[in-house]
Each structure stands twice: as structure tokens, then as C-alpha cells.
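Below, read A as the first sequence line, B as the second, and so on, with proteins coming before strands; counting in each chain starts at 1.
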2 protein chains.
Amino acid sequence: MNRESDSKRGVKSDETLFALIELLRERDGAGVTELARAAGVAKSTVHGHLTSMRDHGFVVKRGQTYHLGLQFFDYGQYVRGRLDIFRAGMFAADRLERETGEMSWLITHQGGKAMYVYGRGGENDIDVNKLLGTWAHMHCNSGGKAILAHLPEDEVNRIVDTHGLPARTDDTITDRDELNEELARIREQGYALNQSEDLAGIHAIGVPLRFEGEVQGALSVAGPAHRLSKERCEGEILDRLRAATNEIDVSLAYR
Amino acid sequence: MNRESDSKRGVKSDETLFALIELLRERDGAGVTELARAAGVAKSTVHGHLTSMRDHGFVVKRGQTYHLGLQFFDYGQYVRGRLDIFRAGMFAADRLERETGEMSWLITHQGGKAMYVYGRGGENDIDVNKLLGTWAHMHCNSGGKAILAHLPEDEVNRIVDTHGLPARTDDTITDRDELNEELARIREQGYALNQSEDLAGIHAIGVPLRFEGEVQGALSVAGPAHRLSKERCEGEILDRLRAATNEIDVSLAYR
DNA sequence: CCCTTTGTTCGGTGACATCGAACGCGCTCC
DNA sequence: GGAGCGCGTTCGATGTCACCGAACAAAGGG
């Protein structure tokens with residue numbers, strides 16, 4: 001009723017399960033009654049799903065309220081660990097951070113969005129853990145743009161159709177044609193810049209990580225605008241990024 | 001049919017969903033037919049669940065085979081980020097690793113098992129990422145024993161009933177009475193030692209992290225036996241652990 | 001101590017999860 | 001190159017079980 005698209009050939013019961021999971025996250029844990037009201041289902045239904053999840057560690061009960069369980073962390077670590085990009089790029093990202101003193105990021109994409117897969121701190125690790133494992137739009141950050149630039153044209157179109165080009169700052173690219181020009185430029189020069197297009201005052205530069213003709217992800221360096229001038233990005237940092245990419249390519253080829 | 005305990009009041013459809021998820025992990029991705037055979041359900045059933053999961057990013061399709069998706073990593077990072085222990089203990093673990101040059105671990109427990117929530121490398125980060133986010137029995141590592149020692153007696157019994165005391169090495173405590181003696185000792189001296197009880201040649205020392213009268217987790221230092229002698233553990237390292245614990249306690253109190 | 005609100009249990013019932021057969025495709029192997 | 005196997009996917013028919021709502025049991029709060 002609330003979701004208009006029931007046309008899909010999925011399992012409805014799973015749909016409510018996932019809704020409950022998302023609700024538990026949004027609210028940082030919740031009770032049965034609260035969940036039932038929010039999801040629009042009976043209390044007993046919610047209770048049933050929670051019981052199943054509890055048996056598998058996806059949910060824990062503290063007092064009267066249910067919370068998402070560490071089983072998610074378990075599976076999450078597994079999924080990340082399976083990514084070639086992650087295994088081949090970790091060390092490169094570490095070194096990049098040491099050499100530049102700025103944040104370094106390993107990024108990949110799934111379902112038309114980019115995810116921060118691995119990051120190293122620069123000044124403080126707090127920000128890293130805030131972003132780590134979160135989804136981002138691909139049009140407004142260096143890594144995402146670097147990936148988009150090397151994706152088939154129809155896939156780029158599909159992604160833009162699905163997720164749009166929301167403005168994060170005044171400098172975000174929100175026009176389709178403008179994005180295509182930018183992607184062509186990135187393809188040509190081999191790297192993508194982000195000048196306050198995602199967060200005001202944050203600049204970044206990213207390069208694509210390709211393997212077997214496909215973009216697997218991107219490697220990027222980000223930091224405050226006053227330190228990451230266009231000149232520094234396209235000079236020192238780009239050189240280091242190129243070296244790191246090369247190292248990762250080799251590592252991917254011989255994995 | 002394969003599972004004998006259908007007595008639980010859960011949702012059967014969720015049960016097969018979780019079975020599929022686990023199968024996808026065990027096999028590092030699989031096709032519909034393979035999953036259907038392994039789970040003992042119809043292909044169309046599998047396909048339905050996969051479609052639902054795909055819509056929510058829990059699964060991705062590469063070619064003809066399905067793999068677990070990065071949505072798990074997203075939720076996983078969220079769950080860890082909500083742990084008080086993690087937010088309050090990260091920095092302490094970092095410093096501990098720098099000061100001792102050994103691996104440091106932040107551990108917590110759920111459902112009677114311990115999980116490695118945060119770790120820093122010591123010599124190599126590879127091992128850290130192997131263990132990070134995995135479950136462990138609580139009776140055979142320092143952090144787990146430190147937690148057990150400060151849990152109510154009936155809960156300890158329930159845990160042992162559920163998970164048993166499997167022998168990981170020749171030195172693993174496999175006897176219930178012996179475990180209880182050990183736990184009493186730990187309670188008295190305030191720290192737990194692990195001398196090759198989990199992995200041969202690996203020693204460790206752990207202290208409990210308590211807050212509001214409850215054990216929230218444990219902090220531990222681990223490394224090769226030849227460097228982590230009983231004397232060093234109970235001397236220098238214990239001192240540093242105590243300092244770190246104190247810092248975490250303060251951080252927890254004022255969170 | 002009542003009275004509200006919570007989590008939990010319990011049958012009854014119709015929606016829907018499940019099944020099996022059929023389809024279309026890509027592959028291999030004669 | 002076409003016959004045949006295997007795959008993922010679709011489609012109805014069916015009977016199971018996910019769902020509901022009411023009743024129950026604890027747990028606070030006034």
C-alpha cells in the first residue's frame with residue numbers, strides 16, 4: 001500500500017523483513033509495537049520475523065527493545081574481504097595516506113551507487129569511520145566520477161535515470177550534458193577532480209581501477225581545499241596515484 | 001526436513017532466506033540451480049528470494065551467478081558504529097598497539113559468542129582483517145574469558161550448554177569445572193591470560209570492559225608466545241591495559 | 001495498587017510462497 | 001550447424017503458512 005511498485009516478482013514476506021531491518025537502523029533499535037505501527041503490519045507478524053532474525057544473530061534483544069546484531073558486521077566483513085579491489089588496494093591506500101598526509105579512499109560501485117570500501121585517516125580517523133561502508137551518489141565525488149567515466153554509456157544513463165543528479169553543493173554537476181562532458185574529459189586525462197562538489201571545502205582527486213576491461217572501482221585522495229589545490233592534485237598527488245594504481249593492477253593480475 | 005527444529009515460532013520463509021544467504025557465503029557466490037539443490041527448494045523459490053534481495057542490495061548478479069552485496073557491509077558498519085565499546089575503545093586500542101608493538105583487540109559478545117570488533121595490526125594488518133568481524137568461542141581466548149568471568153553464573157552455564165567447550169589446541173580448557181576455577185581466578189586478579197589455548201604459539205592477555213555493572217566487552221593484546229611471556233603480560237602490558245581501560249571507562253561514562 | 005502499555009501466544013483464514021512444468025537462451029559436442 | 005543439455009527466468013495452480021486480531025502476561029508509572 002505504501003510502496004506503489006508491487007509489480008516485481010519478489011517475495012513479499014522478505015520485503016517486510018527488509019523494511020523491519022531498515023526501521024531498526026533508522027531508529028537505532030525499536031520495540032515490537034513501534035515497529036508494527038511503522039511498518040503497517042500486525043505485532044505478531046513483527047514478532048515472528050524478529051524471532052527468526054534473532055535465531056540467526058541478525059537481531060539482538062536488549063531489555064524490551066530489539067537492535068540489529070553483529071551478524072551484519074560478520075557478513076559485511078566477508079563481503080568486503082571478497083572484493084578484489086579491497087585485497088589488492090589496501091596497502092596502496094595505506095601508503096598513499098602516509099605519503100600525502102591526506103585521506104585516501106578505496107571506492108567501488110554496486111547498483112549504480114558508490115561505496116567507500118576502505119579509507120585511511122589523514123588527520124583523524126573519526127571521519128573515516130563515518131564514511132566507511134556508506135553509499136554515495138557517483139556524480140559528485142572524484143572516485144565515483146572516475147568509475148562513471150569508464151562505464152558503458154547506456155549504464156551511465158540508467159544510473160542517472162535511477163538516482164538522478166541531486167545537488168550536494170552549489171558546485172555539484174546537476175546537468176546531464178555537463179556530466180557527459182566532464183566524463184569525456186576524465187576519460188581523456190585519466191583522472192577525476194572534485195572541487196567542493198560533494199562537501200563544501202573538500203577537494204579530491206580520483207583515478208579508476210580497471211581490470212579485464214572493466215572498472216572495478218577507484219582510488220582517491222581527499223582533503224581540505226586549501227591543501228588540495230588543483231596544482232597539487234594534478235602534480236604530486238596524481239603521480240602517487242598513478243604509482244599506486246600501477247601497483248594495484250599488478251596485484252590484480254597476479255592475484 | 002534437513003533442519004530438525006521447526007518448533008520455533010519464527011517465519012519459515014525467512015529461514016530459507018537466511019539459508020540462501022549462508023550458502024552464498026560458503027560458496028563465494030552461486031547460481032540459482034545450485035542454490036535450489038543445496039537448499040532443497042524449487043528454483044523459482046530461490047529466484048524469488050534473490051530478486052527481493054537484489055532490490056535491496058543484499059545480493060548482486062555477476063553474469064549468471066549471484067553474490068552477497070555490499071549492503072551487508074553498510075549495515076555491518078552501522079552495527080559496529082553503534083557499539084559503545086567500539087566508539088569509546090578505538091583510540092585506546094590504537095595506542096595500545098603502538099606502545100606494545102603487538103596486536104590489540106576490542107572484543108564484544110552476542111548470543112554467547114565473542115566477536116572481534118576492532119583490531120590493530122602489530123606486525124601485519126593481514127591477520128587483523130582475517131579475524132575482524134568473525135565469531136569466536138569465548139572459553140579459549142583472553143577477551144572471551146574476561147567477559148565470561150563477569151557474566152552471571154547462569155548465563156555462563158547457558159553459553160557452555162549451547163556452544164560447548166571445543167578443544168582448539170591441547171591447552172584449551174575443555175572441562176566445565178576447570179573453566180569455573182579459571183573464571184574465579186580471572187575475577188580475582190582482574191585479567192585473563194591465554195597461553196596457546198586458541199592457536200598454538202599465540203599468547204594473549206585481556207581485561208574486561210565494564211559499564212553500569214555489565215560487561216560490555218574486553219580489550220586484549222595478542223602476539224607470538226616468545227614475545228608475550230607471562231612476565232611481560234602481567235607486567236608492562238597489564239599496566240598499559242589498565243590505563244587504557246581506565247580511559248575507556250571515563251569515555252563511556254561521559255559519552 | 002490499579003491501569004496502561006509492553007512483548008508474547010494462539011487459532012482461523014485467505015493471501016501468497018512454493019512447486020513443477022514450460023520457455024528462451026547460450027553453450028558444447030558431435 | 002543443429003541437436004541437446006544446462007542455465008536463469010516466467011507462469012499458473014495449489015495448499016501451506018504468513019498474517020491478522022484477540023487474548024494473555026509482565027512491566028512500569030501514576
Can you build the contact string for nucleotides 8-15 of chain C? Use B for base contact, S for sugar-phosphate-only contact, and - for no protein heavy atom under 4.0 Å.
BBB-----

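No hydrogens or angles considered: nothing links the side chains of A/Tyr118 and B/Asn129 as a donor-acceptor pair under 3.5 Å. Checked by atom type, the side-chain pair B/Tyr78/A/Asp28 shows a donor-acceptor distance below 3.5 Å. The closest side-chain donor-acceptor pair between B/Gln110 and B/Trp135, if any, does not fall under 3.5 angstrom. Neither side chain, B/Gln77 nor A/Tyr116, offers a donor N or O lying under 3.5 Å from an acceptor on the other.
Of the residues in residues 17-26 of chain A, none has a non-hydrogen atom less than 4.0 angstrom from any atom of DNA chain C.
Across its full length, the helix from C/dC2-D/dG29 to C/dC30-D/dG1 shows an angle of 40° between the axes of its 5 terminal pairs at either end, rounded to 10 degrees.
Bounding nucleotides for the chain B contact on DNA chain D, 5' to 3', at a heavy-atom distance below 4.0 Å, are D/dC7 to D/dA18.
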N/O donor to acceptor pairs below 3.5 angstrom from side-chain atoms of residues 149-156 of chain B, sequence neighbours left out:
none

What donor-acceptor contacts under 3.5 angstrom involve side-chain atoms of residues 29-45 of chain A, with partners at least two apart or in another chain?
| unit_1 | atom_1 | unit_2 | atom_2 | d |
| --- | --- | --- | --- | --- |
| A/Glu34 | OE2 | A/Arg27 | NH1 | 2.9 |

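For A/Val79, the side chain to side chain contact (heavy atoms under 4.5 Å, CB included) test picks out B/Leu68, B/Leu70, B/Phe72, with sequence neighbours left out. Listed by chain and residue number, nothing satisfies the side chain to side chain contact (heavy atoms under 4.5 Å, CB included) test with B/Glu188 (two or more places apart in sequence, or in another chain). Applying the side chain to side chain contact (heavy atoms under 4.5 Å, CB included) rule to B/Glu181 yields the partners B/Arg185; only residues at least two apart in sequence or on another chain are considered. Residues satisfying the ring pair (Phe, Tyr, Trp, His ring centres under 6.0 Å) test with A/His139, not counting sequence neighbours, are A/His137.
The salt bridge (Lys or Arg N to Asp or Glu O under 4.0 Å) analysis of residues 61-80 of chain B, with sequence neighbours excluded, yields the pairs A/Arg25-B/Asp74. Within the structure, every pair that satisfies the ring-ring contact (aromatic ring centres under 6.0 Å, His included) test and touches residues 36-57 of chain B, not counting sequence neighbours, is listed here: A/Phe18-B/His56.
Remark on DNA chain D: of its neighbouring residues B/Arg37 and A/Ser13, the 5'-side contact belongs to B/Arg37, judged by nearest-heavy-atom nucleotide. Between A/Asp14 and A/Thr33, the residue anchored closer to the 5' end of DNA chain C is A/Thr33, taking for each the nucleotide with the nearest heavy atom.
Other residues, nucleotides and ligands contribute at most 12 non-hydrogen atoms within 6.0 Å of the CD atom of B/Glu214.
Between the CZ atom of A/Arg62 and the P atom of C/dG7 there is a distance of 15 Å, given to the nearest Å.
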